[in-house]
Amino acid sequence: AGGADSFNMLVPMSNCNGRDVFAEYKTARGAVALDANQLLNIDATGSNQVCDTFAINKEYLDIKNMYDAGEALFVANAGVLNKPLTKYDDYIRESKVQLFAHNTMQGENYKCDINDQAAGTGIGGRLLDQLNRLGYHTSANEVESGGGMLKGSSSDNNPVWEVPVNDPQVLDKYSTVGDDMLDIVKTLNSISTADDGLLSQTWSMMTSKSLFEYEKSLEYAALFENPEFDMSHWSSNDMDKLEKRFRAMAQYIKMRGVRNVNREFFVIQHDGFDSHSESVGEVNALFKESNNNLKQFIDEMKLQGVWDNMVIVMGSDFGRSISPHSSKGTDHAWGGNYFVLGGKVKGKQILGKYPEHLSKQSDKWIQRGRIIPTTPWEYVWHGIAQWMGVLDDHDLSEVLPNMKNFRKCDMFTDRDLFVNGQFPTYDCANMDEDNDGVTDELDLCPGTLQYFVDNGLVDGNGCSGSFPPSSSSSPTKTPIDAPSFNPTLSTSPTSSNLPFQDIGNNGFPAEVFPL
């Protein structure tokens with residue numbers, strides 16, 4: 001959290017069609033620019049970026065190794081967007097958000113619903129709601145923060161679980177009533193009558209729900225002592241806050257069979273990135289800390305046998321300004337560069353569009369080097385939602401209410417993001433959405449600002465909703481059963497205790513790692 005300076009995480013280096021873009025980067029970034037010896041080169045050939053050779057901050061050594069191994073990709077210049085914008089637009093008004101503020105920008109990242117069409121919900125919550133409706137067994141899990149991303153529809157009423165980093169506190173520890181206090185409260189709130197008001201019913205429902213979640217947390221905490229879920233190989237001495245969070249999440253995932261889930265979403269936060277002065281050393285130290293903790297967590301996921309069935313998405317409140325200020329720091333900005341990790345991620349590529357110019361020459365450059373995003377978060381979550389099992393266009397629009405403001409052919413599909421994706425990559429140059437055998441401007445219907453049209457809507461190009469939904473030829477999946485057993489006691493998990501080994505293209509789980 002705080003807004004990571006991700007333009008010092010991913011840097012253009014060489015093979016730039018005759019231009020010295022690294023020199024342009026050095027000029028633009030001034031006092032906060034990194035030298036070549038602080039960077040590790042990666043091959044971006046085929047990514048259709050400004051250069052074929054980019055570089056990663058050397059503190060992300062393990063992320064670089066994962067990229068080279070095909071288990072990491074980067075998403076360039078991503079951020080919160082209402083619709084495609086340039087500096088020539090009235091971007092302040094049309095962005096529909098209070099730009100550059102931590103609370104609003106982090107909130108919009110969590111929601112991915114800039115027009116509040118599903119008010120009070122987050123991207124993770126809506127995704128899990130849809131998966132739950134499709135028959136999957138889901139769980140929304142926050143690790144000390146990020147609950148707003150996990151809130152689903154009030155009609156679905158799916159809980160958000162708190163992953164215990166520390167032992168849960170005992171409720172009513174010094175009860176004046178006795179050991180039966182919780183049972184009494186549950187009884188009082190369990191039966192409603194015709195005379196009950198809305199407020200009392202809501203109070204009883206929330207109280208019962210809270211007590212259920214509390215008792216579950218005690219149950220899970222007791223299971224941590226079970227040899228099946230032993231984590232002694234992960235040293236618990238002198239851990240920093242971030243390592244404690246990763247360890248707690250790893251142990252929680254290890255208990256997935258007991259929790260009876262086959263789709264889940266975690267949010268874990270790394271604090272301290274609001275670098276307004278002398279930022280380079282401070283940010284590099286935080287990058288190193290996140291790299292080391294990610295490496296340890298990923299090693300554990302491989303040990304548990306679930307690495308091929310999960311995806312980690314790194315994000316931040318916003319990027320930082322390209323231009324530094326007099327204190328050798330950077331200011332709150334907008335677009336940033338992020339990574340996606342996973343055993344089945346289609347790595348060794350940079351998706352999105354890195355700025356062609358890190359200067360006023362760019363149509364994305366505003367206000368001292370703030371960069372307007374070219375890649376809305378909808379693009380990324382669209383492909384992840386497909387991979388996890390949300391296939392129909394209507395269902396995807398429930399997960400991503402604002403995707404209608406972007407062209408369908410620009411969206412990432414699961415095949416863009418994963419080696420085992422099923423949906424073909426969209427191609428704006430060869431679309432035939434209306435099935436007339438011709439690629440023309442009507443195939444962009446519902447147009448540059450509409451993803452699809454239904455209910456007789458008409459967009460700015462005069463296109464109507466007469467076309468068949470694109471999901472008519474979509475791949476189909478049958479939801480797998482959730483594990484229904486309790487793991488056998490043993491010193492370490494066996495293959496029979498890993499219910500997610502064979503789920504194929506079904507993604508489990510999504511991890512979100514906001515900086």
Side-chain angles (χ1 to χ4, degrees), residues 3-61 63-68 72-79 81 84-88 275 279-280 283-284 287 314 316 318-325 328-331 333-340 347-376 379-380 410:
D5 191 353
S6 52
F7 279 97
N8 270 2
M9 181 182 71
L10 183 67
V11 177
M13 284 298 292
S14 59
N15 299 315
C16 311
N17 295 316
R19 290 170 50 201
D20 190 347
V21 179
F22 182 63
E24 295 175 18
Y25 155 85
K26 293 277 287 185
T27 299
R29 302 238 64 190
V32 298
L34 299 178
D35 295 326
N37 62 5
Q38 296 174 287
L39 296 162
L40 304 170
N41 287 2
I42 60 170
D43 183 5
T45 304
S47 296
N48 193 30
Q49 300 294 339
V50 62
C51 300
D52 283 342
T53 301
F54 273 71
I56 302 173
N57 190 300
K58 72 173 186 178
E59 303 301 347
Y60 272 126
L61 173 61
I63 305 303
K64 192 266 186 191
N65 292 337
M66 291 180 64
Y67 180 94
D68 291 343
L73 63 82
F74 284 88
V75 180
N77 197 23
L81 272 179
L85 293 170
T86 72
K87 67 182 180 183
Y88 304 112
S275 50
S279 63
V280 173
V283 172
N284 284 353
F287 283 167
M314 174 266 202
S316 194
F318 38 64
R320 311 293 298 189
S321 61
I322 301 297
S323 303
H325 50 60
K328 298 181 181 180
T330 53
D331 289 324
W334 198 346
N337 308 298
Y338 306 108
F339 53 70
V340 178
K348 211 170 184 179
Q349 62 170 331
I350 301 174
L351 297 175
K353 194 65 178 175
Y354 200 92
E356 288 286 328
H357 300 277
L358 292 176
S359 68
K360 293 180 180 179
Q361 189 174 348
S362 171
D363 66 356
K364 303 295 182 181
W365 177 288
I366 58 172
Q367 302 179 16
R368 291 185 55 253
R370 293 174 166 127
I371 303 295
I372 299 174
T374 49
T375 308
Y379 288 10
V380 180
D410 288 326

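Small disclaimer: the values here were computed from a predicted structure and weren't measured.
Shown here for Val50 and Pro12, the closest heavy-atom pair between the two residues is CG1-CB, 4.4 Å. Nearest heavy atoms, Pro324 versus Val32: CB-CG1, 3.9 Å. Contact between Leu81 and Pro373 at its shortest, heavy atoms only, is CD1-O, 3.4 Å. Heavy-atom minimum distance, Ala28 versus Leu358: CB-O, 3.2 Å.
In this structure the side chain of Val11 never reaches within 4.5 angstrom of the side chain of Phe54, judged on heavy atoms. Put simply, the side chain of Ser14 does not reach to within 4.5 Å of the side chain of Phe22, judged on heavy atoms. With contacts defined as side-chain heavy-atom distances shorter than 4.5 Å, the pair Gln349/Ser47 qualifies. Side-chain contact between Val21 and Tyr25 is absent, with no heavy atoms from C-beta onward closer than 4.5 Å. Contact annotation: the side chain of Leu73 never approaches that of Ile350 to less than 4.5 Å [non-hydrogen atoms, C-beta and beyond]. Side-chain contact check for Asp410 versus Tyr379: some heavy-atom pair is nearer than 4.5 Å.
The CG atom of Leu61 sits 12.0 Å away from atom CE of Met66, with the distance rounded to the nearest 0.5 Å. With values rounded to the nearest 0.5 angstrom, Glu24 atom CD is found 12.0 Å from Ile322 atom CD1. The distance from the CG atom of Asp52 to the SG atom of Cys16 is 8.0 Å, given to the nearest 0.5 Å. Within the model, atoms SG of Cys51 and CD of Glu356 stand 8.5 Å from one another, a figure rounded to the nearest 0.5 Å. Note that CZ of Phe7 is 11.5 Å distant from OG1 of Thr330, once rounded to the nearest 0.5 Å. Between the CD1 atom of Ile56 and the CG atom of Leu40 there is a distance of 7.0 Å, given to the nearest 0.5 Å.
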task = Would you sort out whether Asn284 and Leu34 count as a side chain to side chain contact (heavy atoms under 4.5 Å, CB included), showing the intermediate values?
result = CA-CA 10 Å; Asn284 284 353; Leu34 299 178; 4.1 Å; yes
task = Mind running side chain to side chain contact (heavy atoms under 4.5 Å, CB included) on Trp365 and His357 for me, showing each step along the way?
result = CA-CA 9 Å; Trp365 177 288; His357 300 277; over 6 Å; no
task = Take Tyr338 and Ser316, measure what side chain to side chain contact (heavy atoms under 4.5 Å, CB included) needs, and give me the verdict at the end.
result = CA-CA 8 Å; Tyr338 306 108; Ser316 194; 3.7 Å; yes
task = Would you sort out whether Asp363 and Tyr88 count as a side chain to side chain contact (heavy atoms under 4.5 Å, CB included), showing the intermediate values?
result = CA-CA 7 Å; Asp363 66 356; Tyr88 304 112; 3.8 Å; yes
request  = Go through Arg368 and Asp331 one step at a time and tell me if the salt bridge (Lys or Arg N to Asp or Glu O under 4.0 Å) criterion holds.
outcome  = CA-CA 9 Å; Arg368 291 185 55 253; Asp331 289 324; 2.7 Å; yes
request  = Evaluate the side-chain hydrogen bond (donor to acceptor under 3.5 Å, both in side chains) criterion for residues Asn15 and Thr53: first the C-alpha distance (whole Å), next the side-chain angles of each, then the deciding distance (0.1 Å), finally the verdict.
outcome  = CA-CA 6 Å; Asn15 299 315; Thr53 301; 2.8 Å; yes
task = Begin with the C-alpha distance, continue with both residues' side-chain angles, and end with the deciding distance and a verdict on ring pair (Phe, Tyr, Trp, His ring centres under 6.0 Å) for Tyr354 and Phe74.
result = CA-CA 10 Å; Tyr354 200 92; Phe74 284 88; over 10 Å; no
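Put simply, the side chain of Lys87 never gets that close to the backbone of Ile371: no donor and acceptor are under 3.5 Å apart. Formation of a donor-acceptor pair under 3.5 Å by the Thr27 side chain with backbone atoms of Ala23 is found in this model. Here the side chain of Tyr60 pairs no donor or acceptor atom with the backbone of Leu10 at under 3.5 angstrom. The backbone N or O of Thr45 sits nowhere less than 3.5 Å from a side-chain atom of Lys348 that would complete a donor-acceptor pair. One N or O on the side chain of Lys364 and one on the backbone of Leu85 form a donor-acceptor pair closer than 3.5 Å. The backbone N or O of Ser6 sits less than 3.5 Å from a side-chain atom of Asn337, completing a donor-acceptor pair. A donor-acceptor pair under 3.5 Å is formed between the side chain of Lys353 and the backbone N or O of Asn48. Checking side-chain atoms of Thr375 against main-chain N and O of Ala76 turns up a donor-acceptor pair under 3.5 Å. Of the possible polar contacts, none joining the Asn8 side chain to the Val280 backbone as a donor-acceptor pair under 3.5 Å is found.
The environment of Lys328 atom NZ is sparse: at most 12 non-hydrogen atoms of other residues, nucleotides or ligands sit within 6.0 angstrom.
If you check the side chains of Ser275 and Asp5, you find no donor sitting under 3.5 Å from an acceptor.
Applying the salt bridge (Lys or Arg N to Asp or Glu O under 4.0 Å) criterion to Lys26, with sequence neighbours excluded, gives Asp35.
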